[in-house]
Amino acid sequence: MTSFRTSTGPKNRRLLALALGVGLASAALGTASPASARSTATIPAHSATAGYVGSSEKTGNKAFFDAVLKSVAKRQAAQPTLKVVTVYYNTAQAPSFRSQISSAASIWNSSVSNVKLQATTGSADFSYYEGNDSRGSYASTDGHGSGYIFLDYTQNRQYDSIRVAAHETGHVLGLPDHYSGPCSELMSGGGPGTSCTNRYPNSTERARVNQLWANGLTKALAQVAKTG
Ligand SMILES: [Zn+2]
């Protein structure tokens, strides 16, 4: 879907206004999103999310990590002898951020040893999306058990874009948000402010990911069951 950037053109605005009008007539749609927010129509619906800034929503991150793990587990079951777990991602829906996503994957791959991130153009364990959302970037699930990461244009101009991608990718590997942490922590996200450009997980974060993915998926799955 490369067309959603132009989907707020005059014609679509009229259609949207018509649709909203019909909606207002038939139901109280007082909280309908503004037209500009509808340009992200191809992005899956979501409820609980784990954002780059804001209040920590543990349930959002848990649901996301759970979705990624289930997908990995399904694939891993076919190749039970694999020691290092590979998590596949697709960037087809986030074309503007391919280089940042690739950098974020390289950063994680050079920082941890028990799990690897691998790009694919085919079936993936999770996907990246891009667009405009007033809540910024986040990790979420689509309501059908698939995890995805959303990268917000405005936020990626305000904050270091590779840090944003590396932070969101940290959720893929099972790390929760910790906004009160220092800039040296990747999972402090937007907490330390826009001047923070650290793109690497600190030693604690690296150890936590390695521990979580030790012995394949066993520990990661147990962790999800425990926090559920
Ligand atoms: Zn986050």
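First listed ligand is number 1; within each ligand, the first listed atom is number 1. Since the model is a prediction, treat every value here as computed from it, not as a measurement.
Minimum heavy-atom separation, Ala124 to Ser71: O-OG, 4.1 Å.
The Zn ion (ligand 1) has no N, O or S atom of Pro176 under 2.8 Å away, backbone or side chain. Taking backbone and side chain together, Glu168 holds no N, O or S atom under 2.8 Å from the Zn ion (ligand 1).
Between Phe64 and His171, the ring planes lie perpendicular to each other; the angle is over 60°, past the 30° to 60° tilted range. Note on ring orientation: taking the six-membered ring where Trp is involved, the planes of Phe97 and Tyr153 are parallel (angle under 30°, cut-offs 30° and 60°).
The closest approach of Asp177 to the Zn ion (ligand 1), by N/O/S atoms, is made by OD1.
His167 contributes NE2 and His171 contributes NE2; the angle these two atoms make at the Zn ion (ligand 1) is 110°, rounded to 10°.
With respect to Tyr128, the ring-ring contact (aromatic ring centres under 6.0 Å, His included) criterion is satisfied by exactly one of Tyr148, Tyr138, Tyr89: Tyr89.
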